[in-house]
Number of protein chains: 2
Amino acid sequence: MDTRTKILETASRLFATHGYGSTSLSVVAKDASVSKALIFWHFESKGNLYEAVLARTIEPYRIEPEAIAGLGVPDQVEHLIDLYYEFVTENVHSVRFFLSLFLRDEKRPDDSFGHVLDMYRHYRALVVGALRAGQEAGVLTPEIDAEAHGALILSSLNGVLVQALTGETGTASPERLLRELKSTLVDRLRVQ
Amino acid sequence: MDTRTKILETASRLFATHGYGSTSLSVVAKDASVSKALIFWHFESKGNLYEAVLARTIEPYRIEPEAIAGLGVPDQVEHLIDLYYEFVTENVHSVRFFLSLFLRDEKRPDDSFGHVLDMYRHYRALVVGALRAGQEAGVLTPEIDAEAHGALILSSLNGVLVQALTGETGTASPERLLRELKSTLVDRLRVQ
DNA sequence: GTCTATATACAGATAGAC
DNA sequence: GTCTATCTGTATATAGAC
């Protein structure tokens, strides 16, 4: 691994755990086994390093909606839920980092945040779309409001994930909660 | 208001928005219109000031479970949901602050965090208890697992609140989501 | 209790050798 | 590209007058 990458990875880890303000470049340099000067040679300033870290963090953020094309409608929704869940568990550290940034007024370059928000909204739209398609096909009950219910599914999913992210050891495991979520919020909508 | 309190309030606001590391005592002093030295006279160190802020923040955190005693069972659950929601909206700033701390490895005095966690678990136990009572009374469907379902209700509630806390302007308002949550996660459990 | 002045350490950032 | 040495500002913290 080249030095630049090593700096990025070290800074990424430290910013995420201690925050931007509490992470000094001296510590980054020491942890990455380079000199402070080298950090400045590569990134010009602490702020630039931070933006580079964020950009690199969201770079692998992607969703593949093609994967659901072949599925039946109620399964589509459950599959979207699983994909979302997997995505978060595979990116725990960076997701936790971004969430904590959203909760604060800290330095947040608009483009990175816009990208993450766009992804989230797009994903929610996919869920709402699948619900609507299910209703039109007569597979899901027309009683619910697809828009609101899709939003609730995503919010609940976020709640389950926040619990996992914060390490709150509840009575039910995240997997158990996910199962309960799918059974109550999706399966029960099926027209019998 | 005495000087000590003014310092606490100012520090509280600044720590919450900018984080511990990014908040200097010079700024706290200037915003509170006191000298830096006075902060040290009152609190000894920055770390002590921080702990004092946390202790003062959770001091008004309380729940009143007596209020639900007279209600019917499904209403009890909905009432608990409303109480939780109100509590968070009335304490947005500090709740947001605590949540962001749970997501990080930052300075977190164990007693404050333990207190907040205890409160949360106690509240979840109340919801689970109400669900179970409803099942035993034959008002709620025995199909669901009260433990897991109660945990899901709290998680979903958290998800809705996180959305409100982060300021994500979704298609549905928090109030609309809350209504959808109650109708899907509680009303639909009623034995017809 | 509250201040000004100061000590001391460390932060971000630069200069210049190699 | 990577280093050592150094500059400059600002951070936490203390001393001591009032």
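Chain letters run A, B, ... following the sequence lines, proteins first and then strands; every chain starts at 1.
If you measure from atom CD1 of A:I39 to atom P of C:dA15, you get 18 Å, rounded to the nearest angstrom. In this entry the distance linking CG of A:D2 with P of D:dT2 reads 8 Å, nearest Å. Put simply, CZ on A:F40 is 17 Å from P on C:dG16, counting in whole angstrom units. Across the protein-nucleic acid pair, A:Y20 atom OH and C:dA11 atom C1' stand 11 Å apart, rounded to whole Å. Distance NE2 (A:H18) to C1' (C:dA11): 16 Å, rounded to an integer number of Å. Distance A:F15 CZ to C:dG12 C1': 12 Å, rounded to the nearest Å. Whole-Å rounding puts the B:N48 CG to D:dT12 P distance at 14 Å. The distance from atom CD of B:E44 to atom P of D:dT12 is 16 Å, rounded to the nearest whole Å.
More than 12 heavy atoms of other shown residues, nucleotides or ligands fall within 6.0 angstrom of atom CD in B:E175.
At a cut-off of 3.5 Å, with distance as the only test, no side-chain donor of B:S155 or B:N158 sits close to an acceptor on the other residue.
Considering only residues two or more places apart in sequence or on other chains, B:D31 meets the side-chain hydrogen bond (donor to acceptor under 3.5 Å, both in side chains) condition with B:R13.
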Step-by-step ring-ring contact (aromatic ring centres under 6.0 Å, His included) determination, A:Y50 to A:F43: CA-CA 9 Å; A:Y50 183 70; A:F43 300 98; over 10 Å; no

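For the residue pair A:K6 and A:A32, the shortest heavy atom distance occurs at CE-O, 3.1 Å.
Within the 6.0 Å centre-distance limit, the rings of A:F98 and A:F113 are counted as a close aromatic pair. Separation of the B:Y61 and B:F87 ring centroids falls under the 6.0 Å cut-off.
The A:A37 side chain lies nearest to D:dT4 when the options are D:dG1, C:dC3, D:dT4. Relative to the side chain of A:S45, the nucleotides C:dA13, D:dC3, D:dG1 differ in distance, and C:dA13 lies closest.
Within the structure, a side-chain polar atom (N or O) of A:T3 is placed less than 4.0 Å from OP1 or OP2 of D:dT2.
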Protein-nucleotides 7-11 of chain D N/O pairs closer than 3.5 Å?
from, atom 1, to, atom 2, distance (Å)
D:dA11, OP2, B:S26, OG, 3.1

